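Remember, it's a predicted structure, so these values are computed and weren't measured experimentally. Below, each value reflects all heavy atoms present in this structure, side chains not excepted, and no hydrogens, waters or symmetry copies.
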Amino acid sequence: MSPRTATTRSAAPTRGTTATPGATAASGSVTRFARIEEWFDSRGWAIFDFQRELWQAYLNGESGLLHAPTGSGKTLAVWLGPLIEGLEQGKRPGPRVLWITPLRALANDTTESLQEAIAGLRSDWTVAMRTGDTTSAQRRRQKLHPPSALVTTPESLSVLLSAADTEMQLRTLDAVIVDEWHELMGSKRGTQLELCLAHLRRLNPKLRTWGLSATLGNLTQARDTLLGPQNPGRLVCGPAAKRIEIDSLVPPSIERFSWAGHLGVSLVDSVIKAIDRARSTLLFTNTRSQAEIWYQAIVERRLDWLTCTALHHGSIGKSLRAKIEDALRAGDLKCVVCTSSLDLGVDFSPVDQVIQVGSPKGVARLLQRAGRSGHQPGAVSRVLCVPTHSLELMEIAGVRDAQARGHIESREPLTNCLDVLVQHLMTLACGPGFEPTETLQEVRTSAAYAQLPDLDWQWALDFLQRGGPALRAYPQYRRIVFEDGMYKSADARLTRNHRTSIGTITSDDSMQVRYVSGKVIGYVEESFISRLKENDVFLFSGRTLQLARVKDMTAYVRASNARTRNVPRWQGGRMPLSTELADSMLRLFSEGPSETISPELQALQPILRLQREWSQLPTQHELLIELSRSREGSHIFIYPFAGRLAHEGLATLIAMRLSRLSPVTFTLSFNDYGFELLSSANYEVDHATLRAVLRIGEVVPDLLACLNASEGAKRAFRDIARIAGLVSPGLPGRAKSSRQLQASTGLIYEVLRQFDPDNRLLSQAQLEVLGRQLEAKRLTDALVRIEKMPLAVVRTARLSPLAFPLWAERLQSQIISSESWLDRVKRMAARLEQAAA
Amino acid sequence: MNITCAGEQLTLSADRALFWPARATLLIADPHFGKDEIFRRAGLPIPDGVVARDLTRISKLLAHYSAERLVVLGDFLHGPRKWSEGFHEEFSTWLNGHRQLRIDVVAGNHDRHGAVGSWSDRLTWHQEPLQEGPFGFTHHPRQHQSIYVLSGHTHPVLRLRSPWGDRARVPVFWFGEQHAVLPAFGSFTGGANIDPSVAGRVYAIADSTVIAIGR
């Protein structure tokens, strides 16, 4: 995975020799692997069984997936097979291997470690990089003298396919290696890569595909998704993952009521102590806003750490991030506050402590983060968890329990994404063009589109060719034309535009933030900036900034000395609690106190006692429902423990079903444990009614009915519009060459809805909201479970400890109402007047 | 909704237009005709039907108020283009259906190239301000001495929120001390948030009703 992988391994000679009896050469392959053995001997390494298994499988022409933890020698396991074959076959024109990495930032390190192995085996292969940063001179050189191996990203592979003359070269490929496949699968980038791989396999049916993955609950499916469902492949297991010690920072006193956000920063002094004790710490938070707040809190207290503490998240400028990563690798930093931006990537050997602020929300995620430290041989990875509200202690105990039981989350691959298909077809049309019948067959060899309906395929072709089906064509519009049996890009300008937009598949609707003097600091969402006025002050990238002006998708700022708590909120930050972790929590609730109780549960006892006294504890065997009254009205609290996204869907669904029975308006709030429906004081609901609305019934139609009233589908459409090429590829900071072509995705959504309601990208947006935003599958699973469970309906005199955080979160809640748009606007306008008065 | 402005009675329509009964004049701002076609020609798939819908909306408004004249406060066209046959045809047909209608257009920043076509002699182009009675018709919302300015250009919308998470974005008419801004008329136009704390009267469009907001 990186040069550090190799370095780490070299420091661990004993691990291999003592722990693996199979480290002796298997007969038959002695000669073939002689050079590897020689090289390994010279470095004092031993060969692992899984490495030998994989080399042999590769030479036999097999494909497959290797799952192995970081620092286990997995790069050499997949790379030396092709190298040995290259040595045996002698010189042939390249490229012979494509190495796909999800992160541009990883390409450099990968290239270095591939080259190290080439030197070690005395091969004459060459390696080159092809990413968005590759200059046109470098690209020309690569075309004239193709390297034996090309390290690239999924997007750059698409760009390669969009060139008219690369197809011949790609026919010579022997293998594609996909690094960090677990990270790509389940995202649209993964789907895009599946389509590219299907295309490469058609160019060369003997192409071998190997993936590298961290531990997942569904490794077999991960393999089949990578290789295509029709293709056989091997699943190779590396050495077992290191054990992870999970500690938590138990606060000295637990408030009787836990509530969101309150606890966190109050633990900052203890966190600083922990940072002080370690050499170098990675402090992970769950959101970029949280990272900004924690960074600020730490440097405020330790001014002496100002130069050795850094902030790293996805919205911070690329060059600054690279600088921080280099400093971290060099061991120059005491602490880096970061988000998932450092989940992946090269190992930072100097890092000896990982701190997780807030619930990790899942087992796999915490394991991955913990694995960022302790690469010294035999070292146990430790992670220190810092709860941000008291019930998060339960989640931390839950992760430890789930890890012990080996319950790891799965990742669901996506299927039939029409936006990605439209983009891919345009990519092929920009290249040599595509023939429809064969291409449909090709597309269907990928797992993502194996079940693609004929009608969807036809719609995608029509959409590119004339906007809609023949009778509903968009005049003057075309992106592809049909000539001599092939679909081709309609003109050179479209081809150029398409190539620039391929890379934007992951970028947000973001605004560049730069100093008036010109230096770029990073990116924030447009919606945040649009809420600020000139001279407003906000925290970003660990600095206090004052907004000077906004121009051309760029926010110009100055440094400021003012104090502010104004932190940008980025979309999509919050991840739901995983099913595995939720189950684990419920199990812990059921078990109750015992001698072997964890420190977290020990600390939580006062809260759990209150919950038992005022209501009861949730269990796996019945559904806890609390009914209570307050000055605010009548509350219904329901705790299915299905994660906040599914709860958002469930709350909406149940509120809508109840509102059909009698006229009522509900205010909804939800968190990872359950949801609340609040209505006026005289609202009554009984056991039988609750039973009736908590049935499966017509889940999907009911949810779709709710969706039309909400903004959800419009939000999901933002990504779809970008991927399917509905917005012009204007990039932040770039002066608008075509001002006339700017329109927000929201406006395009409205126009499509009014003028072409059958456009399938609209229904895809709905399906995505159902599937991803409301986790419809999990929601349905929860309802299936609930149908079989007794309901424990408890009337409580006051808010229970479980109910309290829901009450506190109501500020971010939603409304289900039968009121008209006019009434709602009037009511909000009235408030505006009150505020102004 | 009826309001009084500069001593004249004006009617605000929820279909994003303003009617001045004293002169039987309908005012609209920023229709941006042809924007959809420009997008389509650039390979961005915007469905057809926007021009037809917006022309029909004007016809309905003219009939409803028995207006004899149409004033467009700039950005009549979205950009300089060699328009398609269909585009010219739609305008010719529409104009033929309104033979008595007088049309005055104040040139906006998008109108630099004017309109070309057999139908375009029906339009009378003006540089801002076009003065009439107590009013000055302009595209850009600028003050002009002693006259009250009716303008467009900014596509004003108001963002509303409730403390429990309900939110809305609605197009508005904004009336200040010396000038007013009309909402953008075009169906395929976006909007820019106005700052509700700036002094002035705000009238918001919610569905088919205009409501007054503010003091």
CD/Gln754(A) to CZ/Phe188(B) distance, rounded to the nearest 0.5 angstrom?
11.5 Å

Got a second to check how far Arg41(B)'s CZ is from Arg493(A)'s CZ, nearest 0.5 Å?
10.5 Å

Please look at Ser208(B) and chain A and tell me whether the side chain, the backbone, both or neither of the residue comes under 4.5 angstrom of a heavy atom of that chain.
neither

Check the pair Phe755(A) / Arg53(B) against side chain to side chain contact (heavy atoms under 4.5 Å, CB included), numbers first and verdict last.
CA-CA 9 Å; Phe755(A) 297 95; Arg53(B) 159 88 56 96; 3.8 Å; yes

Determine whether more than 12 heavy atoms belonging to other residues, nucleotides or ligands lie under 6.0 Å from atom CZ of Arg478(A).
no

Distance (rounded to the nearest 0.5 Å) between Leu494(A) CG and Leu44(B) CG
8.5 Å

Hey, are the side chains of Pro47(B) and Val751(A) touching, using non-hydrogen atoms and a 4.5 Å cut-off?
yes

Measuring from atom CZ of Phe39(B) to atom CD of Gln476(A), what distance do you get when rounded to the nearest 0.5 angstrom?
14.0 Å

Between Leu752(A) and chain B, with a heavy-atom cut-off of 4.5 Å, which part of the residue counts as in contact: side chain, backbone, both or neither?
both

So, the side chain of Arg40(B) versus the backbone of Pro475(A): is there a donor-acceptor pair under 3.5 Å, distance only?
yes

Using the side chain to side chain contact (heavy atoms under 4.5 Å, CB included) rule, take Ile46(B) and Tyr474(A) through it: C-alpha gap first, then chi angles, then the decisive distance, then the call.
CA-CA 7 Å; Ile46(B) 301 300; Tyr474(A) 300 0; 5.7 Å; no

Can you tell me which residue among Leu726(A), Asn759(A), Leu464(A) is in a side-chain contact (heavy atoms from CB on, under 4.5 Å) with Pro45(B)?
Leu726(A)

